[in-house]
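The structure appears below as structure tokens.
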Amino acid sequence: MSRLFTVVRRATFARRNYTAGRAVAPSAGSKGWNSWGRTTALAAGVAVPTLYFLTRDTVELDTQRPPQGHSVSVADVVNRRTGAEVWVVIDGEVYDMTKFLDDHPGGKDIIVANRSRDVTPLFKPRHPNDQLFPGNLPAQVKHLGPLAPASSDELEDIKLQISAEQLAEDERVLTERKKMDERGLGVIVNMKDFEKFAEPLLTKVAWAYYASAGDDEITKLANATAYQKVLFRPRVLRRVEQCDASTELMGCPSSLPIFIAPAAMAKLGHPLGEINLTRGAGSTGIIQGISSNASCSMDEMLGEREDGQPLFYQLYVNRDRSKAEELVRKIDAGKFDAIMLTADAPVGGNRERDIRVKGDFEGPAGGVAVKSKDTAGVAQAMFAGVDPNLSWEDVKWLQSLTKIPVMIKGVQCVEDALLAYEAGCDGIVISNHGGRQLDTTRPALDVLLEIRRYAPHLLRPEFRTPTGPTQDSLAEPARLTPKDRADGSGMPRRFEIFIDGGVSRGTDVVKALCLGVNGVGIGRGFLFAQSVGGEEGVEHAVGIFKSEIELAMRLLGANKVGDLRPSMVEVVGEVPRAA
Ligand SMILES: Cc1cc2nc3c(=O)[nH]c(=O)nc-3n(C[C@H](O)[C@H](O)[C@H](O)COP(=O)(O)O)c2cc1C
């Protein structure tokens, strides 16, 4: 797909080379899926899906360190299958994991069960590509040297074992990837298509993790239908050929009033994971919110950042405050444009789809996932390190560590929106985590309506007016929007309001903007888009939003984001039934 926008210049190829030119990843695409990894069944009988794919363009992406030390023979590796020392092979290098077993975030079982094997296919989809670089390798892991040249028979001895069930899943995913390849992204007409095409080509673990939500997934469903109760009041004969949907979010230029909501573990869906999101956001000029639990490292994503490309960082606060402070220092050094402090996940939600597939999971290094012996699904491993005692006091703590603007993500009632404002935050993200936390909470849209009703002073003055026709609009019908009333209180300082959850259409975005938000986040939609089409999938998704948002604006009679006002919508009581 051709580049959609020229808002931000593409990075040069050289910028794609990480430190010392080791991890080289030229442009990703949806074409040419190659089966790179295979699956295994652990000796302990735990099935671990390991299949993932590399595009033809990305086979050079590797985690290899330059050869160091003496080479290690396959026989030496195989000899460690019993005894005290536990060795593994990753990308042709041999590592002694003995002293790291108890600290491994995914638990020691997965390492012990695969000792003396080439665990590269297990390792890659779950760890940043620079995890093995000097400085990133945990101190307890000993790098022993490169694997000595060996015959294919010898290598067979250290290959991962694959169960019939896992092989079948590999085959299924591979076939679906090929079919998608043949179809091309042209078959994807709207964001729901991404979800439809992603499901068959994801592993069971990835699909369950991405699609799951709390308990009975009632809030997830409510998010998806909520925007139906906001109806448009279009104006006609308004010269709408020109239409510009660009805006500013937290003072940063954005080609559209949307952003990529921070979501963990993009590599479960595609080998380049969050790198697809950074690249796609950079080439289309939108902003990526990076998860604390991203499966790519912060350095990898910063290495992909275009000159001047704005990035937000989502923060989970580690219960070990020294680690939390270290992370904030990294965010500061990374010159992120805003921090989203996630507040709706002091503990993980009850995501039963995820628990059922019970992927033997290890969280991303550097995140807040901690080792868990009995992992109950991907989600629960992710939250084990998050501080459940986070409080409003901690907002001050965070603000004392950095000058980067802070938003509270996960606000679900007007009282907390008021507290965020009082705490001196720069904004809020109204969100219920895509319905993944407390089930039967209200859709985020209802929280926005509550803020409009009970704390309109948190909105920019021009959005404090009622929806629908007013005396002013009837008195001056030629105006697209009623004249903004001079409002003495104004906005004494910046306080931006974002919303996410269930947004799949440009019309949803435009409705939220009419009601006063600055920008709208999309979580699963971009995860599915990158899973289906890598970087091009992300660009395709942005293209869909761009054409839908501009279409909605034109048909509404608006030429620019600044034209959108509450008078352009009406909120009806009941959600209309789907046809
Ligand atoms: C698979 C997945 C992982 C997520 N991981 C995070 C995360 O690490 N941090 C966070 O604050 N929110 C996370 N979220 C929530 C998103 O930021 C966002 O609030 C939500 O996805 C919006 O709903 P939507 O998926 O319907 O667009 C995650 C959501 C999903 C679907």
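In this text, all values refer to a predicted model and were calculated from it rather than measured experimentally. Numbering of ligands and ligand atoms starts at 1, following listing order. We're numbering straight along the sequence, starting at 1.
Remark: of the listed residues E304, E274, E300, E304 is the sole one forming a salt bridge (Lys or Arg N to Asp or Glu O under 4.0 Å) with R279.
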Please output the side-chain donor-acceptor pairs of residues 445-454 that fall under 3.5 Å, not counting sequence neighbours, one pair per line with the distance.
residue, atom, partner, partner atom, Å
D446, OD1, K229, NZ, 2.6
D446, OD2, K229, NZ, 3.1
E450, OE1, V414, N, 2.8
E450, OE1, R442, NH2, 3.3
E450, OE2, R442, NH1, 2.7
E450, OE2, R442, NH2, 3.4
R452, NH1, F463, O, 2.8
R452, NH1, L515, O, 3.1
R452, NH2, T465, O, 2.7

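Within the structure, side chain to side chain donor-acceptor pair (under 3.5 Å) contacts touching residues 497-511 (residues at least two apart or in different chains) are S431-D500, R505-E548.
Listed for the K409 side chain is no donor-acceptor partner under 3.5 Å among the backbone atoms of I428.
By the ring pair (Phe, Tyr, Trp, His ring centres under 6.0 Å) test, Y227 pairs with no residue at all, sequence neighbours left out.
Ring-plane geometry between F259 and F498 is classed as perpendicular, the angle between the planes exceeding 60 degrees on a 0 to 90 degree scale with a lower cut at 30.
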Check ligand 1 for close polar pairs with the protein: N or O on both sides, less than 3.5 Å.
residue, atom, partner, partner atom, Å
ligand 1, 5 (N), A264, N, 3.0
ligand 1, 8 (O), S291, OG, 2.7
ligand 1, 9 (N), Q314, OE1, 3.1
ligand 1, 9 (N), Y316, OH, 3.1
ligand 1, 11 (O), T342, OG1, 2.7
ligand 1, 11 (O), K409, NZ, 3.0
ligand 1, 12 (N), P262, O, 3.3
ligand 1, 12 (N), K409, NZ, 3.0
ligand 1, 12 (N), H433, NE2, 3.2
ligand 1, 14 (N), P262, O, 3.3
ligand 1, 17 (O), P262, O, 2.6
ligand 1, 17 (O), K409, NZ, 2.9
ligand 1, 19 (O), K409, NZ, 3.2
ligand 1, 19 (O), S431, OG, 3.2
ligand 1, 19 (O), D500, OD1, 3.2
ligand 1, 19 (O), D500, OD2, 2.8
ligand 1, 25 (O), R524, N, 2.9
ligand 1, 25 (O), R524, NH1, 3.1
ligand 1, 26 (O), G502, N, 2.9
ligand 1, 26 (O), R524, NH1, 3.3
ligand 1, 27 (O), G523, N, 2.8

